[in-house]
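Naming: A, B, ... by sequence-line order, numbering from 1 per chain. On a predicted model such as this, the values are computed, not experimentally measured, just so you know.
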2 protein chains.
Amino acid sequence: MVIDKRDMENQEYNKELELNAENIKAQMRKGVLEYCILSILRKGDSYVSPLISELKAAKMIVVEGTLYPLLARQKNQGLLSYRWEESPSGPPRKYYSLTEKGHKALEVMDEAWSEVVKTVDYIKTGLENR
Amino acid sequence: MVIDKRDMENQEYNKELELNAENIKAQMRKGVLEYCILSILRKGDSYVSPLISELKAAKMIVVEGTLYPLLARQKNQGLLSYRWEESPSGPPRKYYSLTEKGHKALEVMDEAWSEVVKTVDYIKTGLENR
DNA sequence: TTTGGTACTTTGTACAACAAGGTAGTATTT
DNA sequence: AAATACTACCTTGTTGTACAAAGTACCAAA
């Protein structure tokens with residue numbers, strides 16, 4: 001067994017990275033965001049500001065710079081459509097709604113999400129609960 | 001309400017992106033991977049090949065190129081340590097184990113994960129179940 | 001007409017996952 | 001003993017996503 005060559009510690013950064021719950025949650029939320037957006041829109045059409053508010057209320061913080069590109073992506077995938085509506089005060093609002101394709105995608109995601117939850121549980125316990 | 005300038009459809013890609021369950025699940029798994037690795041190691045020390053197998057068995061597919069940098073990261077954060085062990089057949093194996101810091105991080109992640117699950121449920125239902 | 005608020009958009013950066021290829025030690029076959 | 005196969009570890013370059021920050025545009029009220 002010859003190890004020495006391999007065992008040369010590759011740069012001990014060890015940057016005392018915060019072991020902070022918020023950071024870790026932020027990591028986990030990634031990838032679930034799309035699902036959340038569609039889930040909210042399932043309950044009714046909306047535009048960016050109230051979307052952010054609702055996500056914030058659910059402790060799933062996002063910012064405009066995240067949401068706009070994401071909505072554009074989902075629109076380009078045909079999951080969303082939008083219409084302009086006048087605002088009682090301020091510039092017009094871009095209301096997004098789920099398309100039929102979006103509804104179908106959402107159903108797939110419902111399934112995917114519950115599978116991921118089941119998978120994590122499986123990995124944690126190692127038991128055959130699936 | 002002047003809309004025309006804004007409403008110029010920005011590149012209608014609409015690339016018939018697979019509405020495939022695997023893709024969506026892959027997206028959702030991101031960010032949960034670190035948690036899964038630590039969870040597996042909590043059950044006992046291991047090295048890359050069996051880690052990949054266990055993840056694959058749980059339908060959480062990853063490849064070597066993903067896992068090695070991830071483990072290196074977690075080691076540099078002080079969450080993991082490793083030791084070399086001879087193999088009954090083949091090159092030596094790098095066994096990873098949770099450090100004390102890793103155990104603490106894992107507890108934080110346990111909490112974080114269940115919060116994310118609760119959050120998604122909250123967003124889906126919109127009810128006050130938290 | 002200027003100020004402030006709301007809303008939408010873009011640009012640049014950081015980081016994570018992946019694909020693909022590379023290095024190295026051990027065992028087996030010829 | 002040379003070649004082959006297998007296992008295991010590691011690196012590089014690409015892509016995609018979230019974010020920070022700055023920018024554009026419309027509207028209302030002082």
Side-chain angles (χ1 to χ4, degrees), chain A residues 1-11 13 15 17 23-37 46-53 55 60-77 82 84-96, chain B residues 1-11 13 15 17 22-23 25-37 46-53 55 60-77 82 84-96:
Chain A
M1 171 157 91
V2 179
I3 277 173
D4 311 49
K5 278 177 199 161
R6 283 192 184 153
D7 210 5
M8 298 188 298
E9 283 300 308
N10 39 345
Q11 293 109 311
Y13 287 121
K15 23 178 163 178
L17 201 59
N23 284 5
I24 292 166
K25 260 187 285 179
Q27 279 297 78
M28 288 179 175
R29 283 191 296 248
K30 290 186 184 183
V32 183
L33 199 48
E34 283 202 34
Y35 178 45
C36 289
I37 299 300
S46 192
Y47 64 102
V48 168
S49 296
L51 282 175
I52 290 179
S53 300
L55 290 168
M60 171 121 13
I61 314 296
V62 268
V63 293
E64 288 187 320
T66 300
L67 214 43
Y68 280 105
L70 193 156
L71 289 167
R73 231 184 297 144
Q74 294 186 326
K75 194 215 59 172
N76 287 332
Q77 288 173 17
Y82 66 82
W84 289 99
E85 269 191 27
E86 289 200 40
S87 164
S89 69
R93 294 165 177 171
K94 201 173 179 178
Y95 274 81
Y96 288 90
Chain B
M1 174 159 86
V2 180
I3 277 173
D4 311 49
K5 278 177 196 161
R6 282 192 184 153
D7 211 6
M8 299 188 298
E9 283 300 307
N10 39 346
Q11 295 107 313
Y13 288 120
K15 25 177 161 177
L17 201 59
E22 283 315 307
N23 284 7
K25 261 188 283 180
Q27 278 295 78
M28 288 180 174
R29 284 192 296 249
K30 291 187 183 184
V32 183
L33 198 47
E34 284 202 32
Y35 178 45
C36 289
I37 299 300
S46 191
Y47 63 103
V48 168
S49 296
L51 282 175
I52 289 180
S53 301
L55 290 168
M60 170 121 12
I61 313 297
V62 268
V63 293
E64 288 188 319
T66 300
L67 214 45
Y68 280 104
L70 192 155
L71 289 167
R73 230 182 298 144
Q74 294 187 326
K75 193 214 59 167
N76 288 331
Q77 289 174 17
Y82 67 82
W84 289 99
E85 268 191 29
E86 289 200 41
S87 163
S89 69
R93 294 165 176 170
K94 198 172 181 178
Y95 275 82
Y96 288 91

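- Taking atom NZ on K30(A) and atom C1' on dC19(D), their separation rounds to 8 Å, with Å as the unit.
- Of the candidates I37(B), L51(B), I52(B), L51(B) is the only one forming a side chain to side chain contact (heavy atoms under 4.5 Å, CB included) with S46(B).
- Nucleotides of DNA chain C nearest to E64(A) and G90(A) differ in position, and the one nearer the 5' end is that of G90(A).
- Contact annotation for Q27(A): backbone-only contact, meaning every heavy-atom pair under 4.0 Å involves sugar-phosphate atoms and none involves a base.
- What separates OH of Y47(A) from C1' of dT9(C) is a distance of 17 Å, to the nearest Å.
- When heavy atoms are screened at a 4.0 angstrom cut-off, T66(B) is found touching base atoms of the nucleic acid.
- Scanning all heavy atoms of the two residues, the minimum distance from Y47(A) to K94(A) falls at CB-O, 3.0 Å.
- The side chain of Y96(B) lies closest to dC10(D) when the candidates are dC18(C), dC10(D), dA27(C).
- Contact of the K30(B) side chain with the K30(A) side chain is not registered, since no non-hydrogen atoms from C-beta on lie closer than 4.5 Å.
- With DNA chain C read from its 5' end, the first of the two nearest nucleotides for P69(A) and V62(B) is the one closest to P69(A).
- Taking atom CD on E34(A) and atom C1' on dA18(D), their separation rounds to 12 Å, with Å as the unit.
- Each of dC10(D), dG5(C), dT26(C) was ranked by its minimum atom distance to the side chain of P91(A); first place goes to dG5(C).
- Across all strands shown, P88(B) has heavy atoms under 4.0 Å from sugar-phosphate atoms exclusively, and none from any base.
- For G31(A) and S89(B), each mapped to the nucleotide of DNA chain D holding its nearest heavy atom, the one lying further toward the 5' end belongs to S89(B).
- Heavy-atom minimum distance, P69(A) versus E64(A): CD-O, 4.1 Å.
- Distance Q77(B) CD to dA16(C) P: 8 Å, rounded to the nearest Å.
- In this structure, the CZ atom of R93(A) is 10 Å from the P atom of dT6(C), given to the nearest Å.
- Rounded to whole Å, atom P of dT6(C) lies 17 Å from atom CH2 of W84(A).
- Remark: Y68(A) is in phosphate contact with dC8(C), judged by side-chain N or O atoms under 4.0 Å from OP1 or OP2.
- Distances shorter than 4.0 Å separate some side-chain N or O of S49(A) from OP1 or OP2 on dA7(C).
- Distance R29(B) CZ to dT17(D) C1': 16 Å, rounded to the nearest Å.
- In this entry the distance linking CD1 of I61(A) with C1' of dA18(D) reads 14 Å, nearest Å.
- How far CG of L33(A) is from CE of M28(B): 10.5 Å, rounded to the nearest 0.5 Å.
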